[in-house]
> 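Here it is, the structure in full.
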Amino acid sequence: MSSKLQIVKGMRDLSGVEAKSFAHLEDTARQIFGLYGFEELRTPILEFTELFTKGIGQDTDIVGKEMYLVLDRREKSLALRPEGTASVVRHVASQGLMRQKKQVKFFYFGPMFRYERPQKGRFRQFYQIGVESFGNAGPDGDLELFLMLRQYFSAIGLKNVGFQLNSIGCPAPDCRPAFRAKLVGFLSAQKEALCPDCQRRLETNPLRVLDCKNERCIQLTQDAPKSIDSLCGSCKGHHQELLGLLEAHQISYETNNRLVRGLDYYSKTVFEVYSADLGAQSAAGGGGRFDGLFEQFGEEPVPSVGFALGLDRLVMLCPEPPKGQAPVFVIGWEQKAVSLMVAQLREAGIGAEYDPGRASMKSQFKQADRFGGRWTLVLGEEEIRTGQVTLKNMQQGTQTTLSPNEALKLIRA
RNA sequence: GCGGAUGUAGCUCAGCUGGUAGAGCACCGGAUUGUGGCUCCGGUUGUCGCGAGUUCAAGCCUCGUCAUUCGCCCCA
């Protein structure tokens, strides 16, 4: 029972329907994102550690304490990627793609790694499907992502999800910094009443006090200043235009003034895909605009929007994917004849299975039943003598004896 | 890093105030010599997570440890 072979904490094997669900979500994403002109980009799982410290920000938890770090044989510090955006930006910048095209759009999937305490919907190796769109500064760049997500969610049968939307402005002095100052002023006045975590946040990242889950903090910040009221002219215009576009396309969303994204590089639009069915980790995905990220890497600025979905969380919300055709089960006494028949069926594109251990007819039928296939093909002494096969319909319990070719036709029908 | 809950058969779990472990499902066989599902009969399955301690006696009590899980922090 208890085996010594044990999996690493926070990691898991995906098998059965779960593995199928993952594949299905990925396949569907490939197909739909392709319609919007996004191309797949496969980046390495290992990157130089600096890519993330520069990109995500030294002081975030992700970089500060959650990265899996390794030293290679030349003592270079490498990190298992904790997110996907930095790699995509690295690719676009280092290949000079923005000098070749006005717009560049990529999607990616794959495992990400963060050394955190696991809980419902949260793993140390988790899977993301992400999208980045470069070169479109206007709100229709944002809009495109919402449209694409809506179509994707409908394609995978996702229900009970909603968009939450906010704008957190830009680094211009009269925008986020001004808002931040206002907020700090408001919070400092009641610092003592905030929870210990929030008192700490007030110093490190005051915006995050807004999404504290502590009820008292929520109450106290009820009348806190809102970021959308302190936007600069350009950010305000962007936000208003986006709302107008969303309405025109009948995309429903909720405004959430408390929504601030975790990573420093976001600007203007931020959003989350949430569901009440997920437990405490209610976000199935999130994204936003990050117009300043290229500059953070010392590159020419490139307007950028993107999002990432947590596949592990999407799987919890989606119905099981449609089942493929269950295999035909072949049973009989003579091993060689059975395996030849199975081979022939497989070559013909029909899934087939058999029992390699010489079990009784009864037990072979039992196994056939468990496979859940529609047909069982019987190849007994009689059939071998006459060169025919018996095909049994497992749902109806009826069976007929006929030639192998006719059987093929029937199975295919 | 912090808090709570849980580890008993392949799976889901029961096991009273401590007295040497049970059910259902699953699996195997038979009733039915080449016919599954339904029914009936029979059978297999355990270092009670691991290690100490208390006790005449520990699945149960105590301590430690590992793992799982749900939260916090943070995030997808």
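Reminder, nothing fancy here: chain letters follow the sequence lines and each chain counts from 1.
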> Would you indicate what A:G380 reaches in the nucleic acid, counting non-hydrogen atoms under 4.0 angstrom: base, sugar-phosphate, or nothing?
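Result for A:G380 = base.
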> Nearest whole angstrom, please: distance from the C1' of B:C72 to the CZ of A:R200.
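Between C1' of B:C72 and CZ of A:R200: 11 Å.
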> With sugar-phosphate meaning primed atoms plus P, OP1 and OP2, does A:E383 contact a base, only sugar-phosphate, or nothing at under 4.0 Å between heavy atoms?
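Touches a base.
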> Judged by each residue's nearest nucleotide on RNA chain B, which is more toward the 5′ side, A:Q367 or A:K392?
A:Q367
> Need one value for A:R370: base, sugar-phosphate or nothing, where a base atom within 4.0 Å counts as base even if backbone is also close, heavy atoms only.
sugar-phosphate
> Which whole-number value in Å describes the distance from A:Q364 CD to B:U33 C1'?
15 Å
> Over 60° means perpendicular and under 30° means parallel, so tell me whether A:F329 and A:F371 are parallel, tilted or perpendicular.
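Rings of A:F329 and A:F371: tilted, 30 to 60°.
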> Please pick, from B:C73, B:G36, B:A76, the nucleotide with the shortest atom-to-atom distance to any side-chain atom of A:Q119.
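Shortest atom-to-atom distance from the side chain points to B:C73.
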> Think A:R90 forms a cation-pi with A:F297, using NZ or CZ under 6.0 Å from the six-ring centre and within 45 degrees of its axis?
no
> Side chain of A:R122, base of B:A76: donor and acceptor closer than 3.5 Å?
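There is none.
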> By the definition side chain to side chain donor-acceptor pair (under 3.5 Å), identify the one residue from A:K236, A:K182, A:R176 that meets it with A:S230.
A:K182
> What is the distance, rounded to the nearest whole Å, between atom CZ of A:R201 and atom P of B:C74?
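Atom CZ in A:R201 sits about 4 Å away from atom P in B:C74.
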> By the 4.0 Å heavy-atom rule, please label A:K9 as base, sugar-phosphate, or nothing.
sugar-phosphate
> I would like to know whether A:V330 and A:V378 meet side chain to side chain contact (heavy atoms under 4.5 Å, CB included); could you show each step before the answer?
CA-CA 6 Å; A:V330 181; A:V378 186; over 6 Å; no
> Does A:Q399 reach a base, just sugar-phosphate, or nothing at all? Heavy atoms under 4.0 Å.
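Contact class for A:Q399: base.
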> Compare the minimum distances between each of B:G71, B:A76, B:C74 and the side chain of A:R261, then state the nucleotide with the smallest one.
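The answer is B:A76, which lies nearest to the side chain.
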> Please work out if A:R124 contacts a base, only the sugar-phosphate, or nothing of the nucleic acid, heavy-atom cut-off 4.0 Å.
nothing
> Check every strand shown and say whether A:E382 touches a base, only sugar-phosphate, or nothing at a heavy-atom separation below 4.0 Å.
base
> Kindly point out which of B:C28, B:C75, B:U35 is positioned nearest to the side chain of A:R313?
B:C75
> Below 30° counts as parallel, above 60° as perpendicular, anything between as tilted: where do the rings of A:F146 and A:F271 land?
tilted
> From the options B:C73, B:G34, B:U35, select the nucleotide whose nearest atom is closest to the side chain of A:F365.
B:U35
> Looking for any heavy atom pair under 4.0 Å, which part of the strands does A:Q395 touch: base, sugar-phosphate only, or nothing?
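Base contact.
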> Whole-Å distance between B:C75 P and A:D61 CG?
6 Å
> Choosing from B:A76, B:C75, B:G34, which nucleotide comes nearest the side chain of A:A283?
B:A76
> Answer with base, sugar-phosphate or nothing: what part of the nucleic acid does A:G130 contact at a heavy-atom distance below 4.0 Å?
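Counting heavy atoms under 4.0 Å across all strands, no contact is made by A:G130.
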> Searching all strands shown, indicate the nucleotide that pairs with B:G29 (Watson-Crick or G-U wobble; both distances under 3.5 Å).
B:C41
> Can you work out whether A:L311 or A:K120 has the more 5'-proximal nearest nucleotide on RNA chain B?
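Going by which nucleotide is closer to the 5' end, it is A:K120.
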> Round to a whole Å and report the spacing from CD of A:E116 to C1' of B:C74.
6 Å
> Could you identify the nucleotide paired to B:G64, looking across every strand shown and requiring Watson-Crick or G-U wobble geometry with both distances under 3.5 Å?
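Partner of B:G64: B:C50.
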> Starting from C1' on B:C72, measure out to CD1 on A:I218 and report it in whole angstrom.
14 Å
> Identify the two heavy atoms, one from A:Q151 and one from A:L35, that lie closest to each other, and give their separation to 0.1 Å.
NE2-CD1, 3.6 Å
> Evaluate whether the aromatic ring of A:F126 and the six-membered ring of the B:A76 base sit under 5.5 Å apart, centre to centre, with an inclination under 30°.
yes
> Would A:K76 and A:D72 pass as an ion pair if we require N to O under 4.0 Å?
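No salt bridge links A:K76 with A:D72.
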> Pick the C1' atom in B:C16 and in B:C56, then give their distance to the nearest Å.
22 Å
> Reckon A:E66 touches a base, only the sugar-phosphate, or nothing at all at heavy-atom distances under 4.0 Å?
sugar-phosphate
> Both conditions, 6.0 Å and 45 degrees, for the charged tip of A:R289 above the ring of A:Y266: are they met here?
no
> Report which part of the nucleic acid A:F329 touches: base, sugar-phosphate, or nothing (heavy-atom distance under 4.0 Å, all strands).
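The answer is nothing, as A:F329 stays clear of every strand by at least 4.0 Å.
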> Would you mind classifying the nucleic acid contact of A:V378 as base, sugar-phosphate or nothing, using non-hydrogen atoms under 4.0 angstrom?
base
> Could you check whether A:G397 gets within reach of a base, just the sugar-phosphate, or nothing at all, counting any heavy atom under 4.0 Å?
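Since a base atom lies under 4.0 Å of A:G397, the category is base.
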> Starting from C1' on B:U69, measure out to CE on A:M316 and report it in whole angstrom.
14 Å
> So, OP1 or OP2 of B:C75: does either fall under 4.0 Å of a side-chain N or O from A:R117?
no
> Taking the same atom, C1', in B:U45 and in B:G3, what whole-Å distance lies between them?
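Looking at atom C1' only, B:U45 and B:G3 are 38 Å apart.
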> State which of B:A76, B:C74, B:G36 makes the closest approach to the side chain of A:R208.
B:C74
> Rounded to the nearest Å, what distance is computed from the NZ atom of residue A:K213 to the P atom of nucleotide B:G3?
19 Å
